[in-house]
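Just so we're on the same page: letters track the sequence lines, and every chain starts at 1. The structure displayed is predicted, hence computed values, not measured ones.
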Amino acid sequence: MITRFAPSPTGHLHIGGARTALFNYLLARNQGGQFILRIEDTDVQRSKDEYTGAILDALTWLGLTWDGQPVFQKARAGLHREYVQKLLDTGKAYWCHCPPEEIEAKRQEALARGGKPRYGGRCRELGLGPAPGAAVRFKCPHSQSVGWKDLIKGRIVIDSQELDDLVLLRADGFPTYNLAVVIDDLTMNITHIIRGDDHVSNTPRQILLYQALGVQVPQFGHVPMILGKDKSRLSKRHGATSVMAYKEMGYLPEALNNYLARLGWSHGDQEIFSLKEMVELFSLKQVGKAASVFNPDKLNWLNAHYIKETPLETLGQLIWPYLAARDLICPNPDYLIKVAATVRERGKTLAELADKAEFYFLSLPKIDSTEAQKLLTPDNLANLKELGLELAQNPGLTHEAFDSLIQNMAQKKNVRIGAIAQPLRLALTGRTASPGLFEIMEILGPDNIQKRLNAALEWTS
RNA sequence: GUCCCCAUCGUCUAGCCUGGUCCAGGACACCGGACUUUCACUUCGGCAACAGGGGUUCAAAUCCCCUUGGGGACGCCA
């Protein structure tokens with residue numbers, strides 16, 4: 001078995017492409033086959049090298065390793081032309097001299113009439129030769145039905161009457177997508193073509209091409225589309241679509257892979273899968289036929305899950321770039337591990353975690369003024385001052401001792417524990433929601449605590 | 001418009017092929033409770049679906065047909 005992922009470098013790897021790549025990868029690895037990467041760069045205008053690099057980076061980040069070197073389609077144009085010539089020689093293709101504008105006009109006209117916009121086949125039987133501006137078209141066989149047993153959707157049949165004579169070779173001498181894909185899949189011995197649903201209508205054309213060449217037709221499987229919340233095709237207006245954007249937002253590749261796999265594929269009631277496990281369990285039989293809606297909430301849940309599973313040392317290193325981007329300084333590597341331990345269950349993404357951890361690295365926290373007005377009242381400040389004194393006298397306080405200190409104080413002042421704890425939290429972190437007070441104090445250390453306490457005592461809006 | 005595909009809780013889905021074990025199971029989200037000095041985590045519980053209509057059958061979420069709804073494609077883009 002040989003599968004392939006064949007993106008065109010006209011943009012970043014998006015969520016849909018990533019899932020297609022994942023399914024190809026899983027299928028190949030599950031069957032002990034090969035997974036090949038082919039860059040479809042025949043659109044010279046829109047293809048960019050930077051996108052090729054970005055796509056490779058994204059696949060690498062996801063851990064979807066491909067076999068061998070990526071194949072560049074443009075470099076194979078000579079091969080494609082050979083096959084076009086072969087089709088020309090056997091009368092399966094012909095030169096077309098029709099001006100593109102004229103064809104386009106007819107197409108629009110047909111569409112406006114409510115008909116099917118197709119090329120009429122003016123040059124089909126004219127026996128024309130090459131000429132400037134001429135293209136080669138496939139002589140699509142008439143009145144025959146083309147069908148295949150789709151690996152995901154089951155039997156699909158289309159009347160060849162629905163198809164027109166597609167262009168194989170453009171006037172600029174470059175092959176078109178449909179020709180190039182067929183020749184490449186054929187010559188690269190691709191056995192299973194797993195691609196997006198939007199290619200279903202290309203499949204009968206391509207099958208006809210395989211047949212015209214007299215070669216075996218590979219297996220096709222079309223994975224359903226990913227939709228946005230409004231059930232329209234997933235696009236930028238639904239939020240981030242590029243894989244690397246998810247990386248930047250602080251999603252883990254494990255989470256994205258897991259989410260994408262579960263979007264369409266299932267294995268009973270199981271929700272959590274490592275990539276290795278997916279490889280073992282994957283089967284196209286368990287891929288659904290219907291399009292599915294991208295649900296960020298569930299991705300978040302998975303991401304939180306994998307964040308919790310990540311070893312603290314690793315997690316610290318993953319969070320650090322987000323902190324470093326804010327020009328913060330890390331006192332020592334151990335500090336980061338301790339910090340990570342206190343925030344890891346409090347956020348869904350690395351970016352969120354970093355945000356919650358920022359106060360640890362600030363020389364003084366940015367105190368929320370709304371909360372300060374509520375909490376830093378004269379009474380509370382008096383308590384805070386007293387608490388500061390106590391803490392200064394007992395720098396090596398145990399967790400238990402700290403708890404009873406606060407409790408006793410609350411009792412003595414006849415206030416709720418929160419009346420003591422919340423102003424302290426605000427002084428230490430600048431916020432009213434944070435990791436546990438004692439955990440924070442352990443990490444901050446006595447000097448830092450006093451400094452923050454003093455700053456809070458002098459706080460003015 | 002034409003052709004193709006699809007249809008189970010708000011969302012992802014199990015079940016459908018091989019009808020009865022399903023007054024439909026799990027997960028996310030949501031809503032309550034417990035835990036708790038905050039936020040969160042965890043935990044317990046709850047809400048919530050077989051698109052509609054016809055068949056077939058003793059019996060249909062499961063098989064067939066129609067309707068409706070949704071998606072995709074119709075490029076000298078990929």
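Applying the ring-ring contact (aromatic ring centres under 6.0 Å, His included) test to every pair with at least one member in residues 249-270 of chain A, sequence neighbours left out, gives these pairs: A/Tyr246-A/Tyr251, A/Tyr259-A/Phe294, A/Trp265-A/Phe273, A/Trp265-A/Phe282. Residue pairs meeting the ring-ring contact (aromatic ring centres under 6.0 Å, His included) criterion with at least one partner in residues 420-440 of chain A, sequence neighbours excluded, are A/His399-A/Phe438, A/Phe402-A/Phe438. The salt bridge (Lys or Arg N to Asp or Glu O under 4.0 Å) contacts involving residues 98-114 of chain A comprise A/Glu102-A/Lys106, A/Glu104-A/Arg107, A/Glu109-A/Arg113, where partners must be two or more places apart or lie in separate chains. Judged as a salt bridge (Lys or Arg N to Asp or Glu O under 4.0 Å), the pairs with a partner in residues 257-270 of chain A (not counting sequence neighbours) are, in order, A/Arg262-A/Glu271.
If you take CD of A/Glu104 and P of B/rG75, they are 7 Å apart, rounded to a whole angstrom. In this structure, CG of A/Leu299 is placed 19 Å from P of B/rA27, rounded to the nearest angstrom. A/Asn408 has its CG atom 14 Å from the P atom of B/rU37, to the nearest Å.
A/Ile158 comes within 4.0 angstrom of sugar-phosphate atoms only, judged by non-hydrogen atoms across all strands, and of no base. Contact annotation for A/Val157: backbone-only contact, meaning every heavy-atom pair under 4.0 Å involves sugar-phosphate atoms and none involves a base. Here A/Asp403 lies in heavy-atom contact (under 4.0 Å) with a base. Residue contacts shown for A/Gly347 are absent, as no nucleic acid heavy atom lies under 4.0 Å away. Counting non-hydrogen atoms under 4.0 angstrom, A/Thr176 reaches the backbone sugars and phosphates but no base. Counting any heavy atom pair closer than 4.0 Å across all strands shown, A/Lys356 reaches no nucleic acid atom. Nucleic acid contact for A/His222: none, since no nucleic acid atom lies under 4.0 Å from a heavy atom of the residue. Contacts of A/Asn300 with the nucleic acid, taken as non-hydrogen atoms under 4.0 Å apart, are absent.
Across all strands shown, B/rA73 pairs with B/rU2; the Watson-Crick or G-U wobble distances both stay below 3.5 Å. For B/rC41, there is no paired nucleotide, since no Watson-Crick or G-U wobble pair has both relevant distances below 3.5 Å. Across all strands shown, B/rA61 forms no Watson-Crick or G-U wobble pair with both key distances under 3.5 Å. Across the strands present, B/rU18 finds no partner; the criterion is a Watson-Crick or G-U wobble pair with both atom distances under 3.5 angstrom.
Here the separation of B/rC17 from B/rA7, taken at their P atoms, is 14 Å to the nearest Å. Spacing of C1' atoms, B/rG26 relative to B/rA48, comes out at 14 Å, to the nearest Å. Here the separation of B/rC6 from B/rC44, taken at their P atoms, is 39 Å to the nearest Å. The separation of B/rA29 from B/rG20, taken at their P atoms, amounts to 33 Å, rounded to a whole angstrom. Atom name C1', nucleotides B/rU21 and B/rC16: the rounded distance is 15 Å, in whole Å. Taking the P atom of each, B/rA60 and B/rG33 are spaced 42 Å apart, rounded to whole Å. Atom name C1', nucleotides B/rU42 and B/rC50: the rounded distance is 34 Å, in whole Å. Look at the P atom in both B/rA27 and B/rC64: the space between them is 32 Å, to the nearest Å.
Closest-nucleotide positions on RNA chain B for A/Pro100 and A/Arg113 were compared, and the one nearer the 5' end corresponds to A/Arg113.
Side-chain proximity of A/Arg346 to the nucleotides B/rC76, B/rA29, B/rA40 is greatest for B/rA40. Nearest nucleotide to the side chain of A/Lys153, out of B/rU37, B/rC6, B/rA78: B/rC6. Side-chain proximity of A/Val200 to the nucleotides B/rC4, B/rC76, B/rC41 is greatest for B/rC4.
Residue A/Arg170 places at least one side-chain N or O under 4.0 Å from the OP1 or OP2 atom of B/rA78. Phosphate contact (OP1/OP2 of B/rC6, side-chain N/O of A/Lys289, threshold under 4.0 Å): present. Checking the phosphate oxygens (OP1, OP2) of B/rC74, no side-chain nitrogen or oxygen of A/Arg107 falls inside 4.0 Å. Distances shown here put every side-chain N or O of A/Thr42 at or beyond 4.0 Å from the OP1 or OP2 atom of B/rC77.
A heavy atom closer than 4.0 Å to some atom of RNA chain B occurs in A/Asp43, A/Arg46, these being the qualifying members of residues 43-50 of chain A. Contacts with RNA chain B (heavy atom under 4.0 Å) in residues 336-344 of chain A: none are found.
Between the side chain of A/Arg425 and the base of B/rU37, a donor-acceptor pair under 3.5 Å is found.
Partners of A/Lys308 by salt bridge (Lys or Arg N to Asp or Glu O under 4.0 Å), not counting sequence neighbours: none found. Residues passing the salt bridge (Lys or Arg N to Asp or Glu O under 4.0 Å) test with A/Asp49: none are found, sequence neighbours excluded. Applying the salt bridge (Lys or Arg N to Asp or Glu O under 4.0 Å) criterion to A/Lys366, with sequence neighbours excluded, gives A/Glu358. With sequence neighbours excluded, the residues forming a salt bridge (Lys or Arg N to Asp or Glu O under 4.0 Å) with A/Asp198 are A/Arg233, listed by chain and number.
Applying the 6.0 Å contact sphere to CG of A/Asp172 captures more than 12 heavy atoms from other residues, nucleotides or ligands.
Close placement of the A/His199 and A/Tyr177 rings is indicated, their centers lying within 6.0 Å of each other.
Using a 4.5 Å cut-off on side-chain heavy atoms (C-beta onward), A/Leu299 and A/Lys348 make no contact.
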Between the protein and nucleotides 12-18 of chain B, which nitrogen or oxygen pairs are less than 3.5 angstrom apart?
residue, atom, partner, partner atom, Å
B/rC12, OP1, A/Val293, N, 2.8
B/rC12, O2', A/Arg262, O, 3.0
B/rC12, O2, A/Lys298, NZ, 3.4
B/rU13, OP1, A/Gly264, N, 2.6
B/rU13, OP1, A/Ser292, OG, 3.4
B/rU13, O3', A/Ser266, OG, 3.3
B/rA14, OP1, A/Ser266, OG, 3.0

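A side-chain donor-acceptor contact under 3.5 Å links A/Thr203 and A/Arg195.
With A/His80 as the partner, the side-chain hydrogen bond (donor to acceptor under 3.5 Å, both in side chains) test is satisfied by one option alone out of A/Asp184, A/Thr176, A/Thr187: A/Asp184. Looking at A/Arg122, A/Arg124, A/Arg118, A/Lys92 one by one, the single match for salt bridge (Lys or Arg N to Asp or Glu O under 4.0 Å) with A/Asp165 turns out to be A/Arg124.
Between A/Tyr119 and A/Cys96, the shortest heavy-atom distance links the atoms OH-SG, 3.3 Å.
Looking at A/Ser160, its side chain does come within 3.5 Å of a backbone N or O of A/Gln144 through a donor-acceptor pair.
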Item to complete: Could you run through nucleotides 45-53 of chain B and give me one letter per nucleotide, 5' to 3': B if any protein heavy atom sits under 4.0 Å from the base, S if only the sugar-phosphate is that close, - if neither?
Response: ---------

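A salt bridge links A/Lys153 with A/Asp197: the closest approach of a Lys/Arg side-chain nitrogen to an acidic carboxylate oxygen falls below 4.0 angstrom.
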